[in-house]
Participant: 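Okay, here's the structure, questions in a sec.
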Amino acid sequence: MCCDSGGWAIRSRTAARPKCSSSATATKYRRWRNSGSIRRGYESLRTRYWTFEWRRPENRLMKPSTLTVASMTTADEAAAFRTLNEEWISRFFTIEESDRKTLGDPFAAIVEPGGDVLVLRDGGQIVGCVALMHSSAGVFELSKMAVTPAARGRGLGRQLIEAAIARARQLGATTLFLVSSTKLPNAVHLYETAGFQHVGADEIPLSPYARADVFMRMTLPPA
């Protein structure tokens, strides 16, 4: 800082600060510097920034109090489950006959045999889903996990996996397995960080999907 016609002009930190002609002005500067004005100015800018960020629709979506996970119970939720999964499957792969059977009637294909479908909502909007398919005694497949495109990249997939693991325990699961694809590296990494381990294709029940080339399993210890 230096004296500049009654005010203060900001100079480079590396530049030498010229002497102020008035000791009274120098005293005024020191008082201003120590008064907390710089800190208050920074905090004001920071508050404005975060207020702006929070007002962005995609960030308001992540308000924790608005997110809920519950079991699928209605035809509308079943339709959303189908739509969310058909979007990503058709984008990366081809919808197969096993997809059509599962997505066409998830109540008959998943719920009635002893599994469950979890639906993630942000307020009243469905933004994600995941299925737990009963395979055999104590063994469930984590399948058909999807998040709506507008909500991706915000940690909702992890919340779905955590909710699915908790629900699997309630259903009596001791082992969870899944199949995925090397074309979905982000999803595979998410499964790895959630605790799933890579295994051979012959170490889990046979997958009906031609796209499957990643096979993973998790042992659930007693709660």
Side-chain angles (χ1 to χ4, degrees), residues 64 66-89 95-148 151-152 154-181 184 187-188 190-197 199 203-209 211-212 214-223:
T66 67
L67 296 175
T68 58
V69 180
S71 296
M72 177 186 69
T73 58
T74 69
D76 287 344
E77 291 173 339
F81 174 70
R82 176 174 183 167
T83 300
L84 285 171
N85 278 284
E86 286 182 341
E87 186 277 328
W88 73 263
I89 295 172
I95 295 178
E96 302 179 35
E97 183 58 34
S98 293
D99 294 315
R100 297 187 183 91
K101 178 181 178 181
T102 302
L103 299 176
D105 190 350
F107 285 105
I110 302 173
V111 178
E112 291 177 8
D116 200 2
V117 173
L118 301 182
V119 175
L120 174 65
R121 290 179 179 271
D122 176 48
Q125 181 183 6
I126 296 176
V127 295
C129 59
V130 64
L132 289 166
M133 303 184 68
H134 182 256
S135 178
S136 60
V139 180
F140 286 76
E141 178 183 4
L142 188 145
S143 181
K144 297 294 187 286
M145 188 175 77
V147 173
T148 186
R152 289 173 188 161
R154 299 182 176 89
L156 301 188
R158 179 169 295 279
Q159 293 190 46
L160 279 169
I161 290 180
E162 292 174 352
I165 292 173
R167 179 57 176 146
R169 291 180 186 276
Q170 294 177 348
L171 294 173
T174 56
T175 301
L176 278 176
F177 72 93
L178 62 85
V179 298
S180 188
S181 170
L184 303 172
V188 173
L190 179 60
Y191 300 141
E192 291 171 341
T193 59
F196 283 89
Q197 297 181 336
V199 295
E203 297 182 66
I204 61 174
L206 181 65
S207 173
Y209 301 108
R211 60 180 177 265
V214 173
F215 311 93
M216 307 183 78
R217 183 174 62 194
M218 171 191 288
T219 299
L220 298 179

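Along the sequence shown, residues carry numbers from 1. The basis for the numbers below is simple: all heavy atoms, side chains too, and nothing from hydrogens, waters or symmetry mates.
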Participant: Any side-chain heavy atom of Val199 sitting closer than 4.5 Å to one from Met216?
Facilitator: no
Participant: Output the distance between atom OG1 (Thr83) and atom CG (Leu103), rounded to the nearest 0.5 Å.
Facilitator: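 These two atoms lie 9.5 Å from each other.
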Participant: Listed by chain and number, what are the side chain to side chain donor-acceptor pair (under 3.5 Å) partners of Ser136, not counting sequence neighbours?
Facilitator: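 Ser136 satisfies side chain to side chain donor-acceptor pair (under 3.5 Å) with no residue once adjacent residues are dropped.
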Participant: Heavy atoms only: give me the nearest Leu84-Cys129 pair and the separation to one decimal.
Facilitator: CD1-SG, 3.8 Å
Participant: With a 4.5 Å cut-off on side-chain heavy atoms, are Phe177 and Ser135 touching?
Facilitator: yes
Participant: Using the test salt bridge (Lys or Arg N to Asp or Glu O under 4.0 Å), find all partners of Asp116 that sit at least two apart in sequence or belong to another chain.
Facilitator: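 By the salt bridge (Lys or Arg N to Asp or Glu O under 4.0 Å) rule, Asp116 matches Arg167.
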Participant: Just verifying a value: how many Å separate Leu132 CG and Leu176 CG, rounded to the nearest 0.5 Å?
Facilitator: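 Rounded to the nearest 0.5 Å, the CG-CG separation comes to 6.5 Å.
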Participant: Using ring pair (Phe, Tyr, Trp, His ring centres under 6.0 Å) as the criterion, list what pairs up with Phe140, not counting sequence neighbours.
Facilitator: His134
Participant: Please say whether more than 12 non-hydrogen atoms of neighbouring residues, nucleotides or ligands are located less than 6.0 Å from CD in Gln197.
Facilitator: no
Participant: With a 4.5 Å cut-off on side-chain heavy atoms, are Leu220 and Thr175 touching?
Facilitator: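 Side chain of Thr175 against side chain of Leu220, heavy atoms only: no contact under 4.5 Å found.
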Participant: Between Leu160 and Val147, is any pair of side-chain heavy atoms under 4.5 Å apart?
Facilitator: yes
Participant: Taking salt bridge (Lys or Arg N to Asp or Glu O under 4.0 Å) as the test, write out the residues that go with Glu192, two or more places apart.
Facilitator: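 None.
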Participant: How far does OG1 of Thr68 sit from CD of Gln159, to the nearest 0.5 angstrom?
Facilitator: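 The distance works out to 10.5 Å.
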Participant: If you define the side chain from C-beta out and look only at heavy atoms, does anything of Val188 sit under 4.5 Å from Ser180?
Facilitator: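 In contact.
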Participant: Given side chain to side chain contact (heavy atoms under 4.5 Å, CB included), test Leu190 with Met145 step by step and report yes or no.
Facilitator: CA-CA 12 Å; Leu190 179 60; Met145 188 175 77; 4.0 Å; yes
Participant: With sequence neighbours excluded, what pairs up with Arg211 under the salt bridge (Lys or Arg N to Asp or Glu O under 4.0 Å) test?
Facilitator: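 Partners of Arg211 by the salt bridge (Lys or Arg N to Asp or Glu O under 4.0 Å) criterion, ordered by chain and then number, come out as Glu96, Asp99.
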Participant: How close do Tyr209 and Val179 get, heavy atom to heavy atom, and via which atoms?
Facilitator: CD1-CG2, 4.3 Å
Participant: Side chains of residues 107-115: which donor-acceptor pairs under 3.5 Å do they make with residues two or more places apart or in other chains?
Facilitator:
none

Participant: A side-chain contact here means heavy atoms from C-beta on lying under 4.5 Å apart; do Leu142 and Met218 qualify?
Facilitator: no
Participant: Output all residues satisfying side chain to side chain donor-acceptor pair (under 3.5 Å) with Glu86, sequence neighbours left out; order by chain, then residue number.
Facilitator: Arg82
Participant: Looking at residues at least two apart in the chain, or sitting in another chain, which of them share a side-chain contact (heavy atoms from CB on, under 4.5 Å) with Ala80?
Facilitator: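 Ile126.
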Participant: So Val69 and Glu162, do their side chains get closer than 4.5 Å, heavy atoms only?
Facilitator: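 Heavy-atom side-chain distance check fails, nothing below 4.5 Å.
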Participant: Might you work through the side chain to side chain contact (heavy atoms under 4.5 Å, CB included) test for Phe81 and Lys144, ending with a clear yes or no?
Facilitator: CA-CA 8 Å; Phe81 174 70; Lys144 297 294 187 286; 3.6 Å; yes
Participant: Could you tell me which residues satisfy salt bridge (Lys or Arg N to Asp or Glu O under 4.0 Å) with Glu141, sequence neighbours excluded, listed by chain and number?
Facilitator: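 None.
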Participant: Go through the structure and list residues passing side chain to side chain donor-acceptor pair (under 3.5 Å) with Asn85, not counting sequence neighbours.
Facilitator: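 Side chain to side chain donor-acceptor pair (under 3.5 Å) check on Asn85 returns Trp88.
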Participant: Apply salt bridge (Lys or Arg N to Asp or Glu O under 4.0 Å) to residues Arg152 and Glu87 and explain how you reach the verdict.
Facilitator: CA-CA 13 Å; Arg152 289 173 188 161; Glu87 186 277 328; 2.6 Å; yes
Participant: Which residues satisfy the side chain to side chain donor-acceptor pair (under 3.5 Å) test with Arg100, sequence neighbours excluded?
Facilitator: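 For Arg100 there are no side chain to side chain donor-acceptor pair (under 3.5 Å) partners, ignoring immediate neighbours.
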Participant: Which pairs, with at least one residue in residues 66-78 and sequence neighbours excluded, count as a salt bridge (Lys or Arg N to Asp or Glu O under 4.0 Å)?
Facilitator: Glu77-Arg121
Participant: Is the backbone of Ile204 close enough, under 3.5 Å, to the side chain of Arg217 for a donor and an acceptor to pair up by distance?
Facilitator: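 Not confirmed, Arg217 side chain does not pair with Ile204 backbone.
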Participant: Is there a side-chain contact between Tyr191 and Leu178 in this structure, where contact means two heavy atoms from C-beta onward sitting under 4.5 Å apart?
Facilitator: yes
Participant: Would the distance check show the side chain of Thr174 and the main-chain N or O of Gly138 forming a donor-acceptor pair, the cut-off being under 3.5 Å?
Facilitator: yes
Participant: Can you name the nearest heavy-atom pair linking Val127 to Ala151, along with the distance?
Facilitator: CB-CB, 4.4 Å
